[in-house]
Colleague: 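Submitted below is the structure of interest, expressed as structure tokens.
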Amino acid sequence: MGFSKEEISKSRRFWSSLWRGIKTVFVLFTMFVSFLLVSAPIFLAVADALLPSALLHRLSAPANLSSHLTNYDFRHSLIDIPLISIVRSAVILCVYGLCDGPKLSRGPYLMITMICSVSSLIYVSLKAAFVFGEPANGDGGGSYFRAAEVALFLCSSVLAIGHIVVAYRTSCRERRKLLVFKIDIEAVSACKNVYPRYQKILQQERLK
């Protein structure tokens, strides 16, 4: 028993609507991913400022910043890890906001990001050698506290490396944009130079 024309038409409309919906979702997903990639330096800076602070809050008892700084000890205190992350993300975000295309491509953004990230990595690695060289302390006193400390150091280190990767990719993207813009400018300039000559040749042919 065959299908009627009305059923075939409904089926076609259904599959056509479904295909349009899939294409719309794909376009929206592509736009969202593109937005994340373009805004990666901002999102990473925000994550760098928030995540280490949140991990430290889970590690230590509630206390204000002045109390942490008063009782600071390089071998035991962990307050300097989120502070370094906050300062690092603030500096990188300010430089990113002040730089335009050419400066993002091969200017201070990539250089300052690498300096901040590498210096913070060296500091965190040096501090980790002192912190993990002694027995674990804290309320848990056991594997949970030590795992949380490892997570804090790893989070700061991974975010520092992430800043370098994002800055390098941003620099490459801006260089590609400048290259395309340069090609477009050269093409427009060539057309401007050729077009008057073409008009002159046409006028000479008409006079003949």
Colleague: Side-chain atoms of residues 156-168: list all donor-acceptor pairs with protein atoms under 3.5 Å, sequence neighbours left out, distances to 0.1 Å.
Modeller:
unit_1, atom_1, unit_2, atom_2, d
Ser157, OG, Phe153, O, 2.9
His163, NE2, Asp48, OD2, 2.9

Colleague: Which pairs pass salt bridge (Lys or Arg N to Asp or Glu O under 4.0 Å) with one or both residues in residues 14-41, sequence neighbours excluded?
Modeller: none
Colleague: Enter the distance from Leu152:CG to Leu51:CG here, rounded to the nearest 0.5 Å.
Modeller: 10.5 Å
Colleague: Can you run down the salt bridge (Lys or Arg N to Asp or Glu O under 4.0 Å) pairs that involve residues 77-87, sequence neighbours left out, and say none if there aren't any?
Modeller: Asp80-Lys127
Colleague: If I take atom CD1 from residue Ile84 and atom SG from residue Cys116, how far apart are they, to the nearest 0.5 angstrom?
Modeller: 11.0 Å
Colleague: Please list all pairs passing the salt bridge (Lys or Arg N to Asp or Glu O under 4.0 Å) test where one or both residues lie in residues 113-125, with sequence neighbours left out.
Modeller: none
Colleague: Do you reckon Leu110 sits in the same ILVMFWY cluster as Leu121, going by side-chain contacts under 4.5 Å, direct or chained?
Modeller: no
Colleague: List the atom pairs, with distances to 0.1 Å, where a side-chain N or O of residues 89-97 and a protein N or O form a donor-acceptor pair under 3.5 Å, not counting sequence neighbours.
Modeller:
unit_1, atom_1, unit_2, atom_2, d
Ser89, OG, Ser85, O, 3.0
Ser89, OG, Ile86, O, 2.9

Colleague: Out of curiosity, does Ile112 fall in the hydrophobic cluster containing Leu44 (side-chain heavy atoms, cut-off under 4.5 Å, transitive links)?
Modeller: yes
Colleague: Does any pair with a residue in residues 153-166 pass salt bridge (Lys or Arg N to Asp or Glu O under 4.0 Å), and if so which ones, sequence neighbours excluded?
Modeller: none
Colleague: Roughly how far apart are Leu56 CG and Glu149 CD, rounded to 0.5 Å?
Modeller: 10.0 Å
Colleague: Other members of the hydrophobic cluster containing Ile115, with the 4.5 Å side-chain heavy-atom rule, please.
Modeller: Met111
Colleague: Restricting to side-chain hydrogen bond (donor to acceptor under 3.5 Å, both in side chains), what partner residues turn up for Ser117, sequence neighbours left out?
Modeller: none
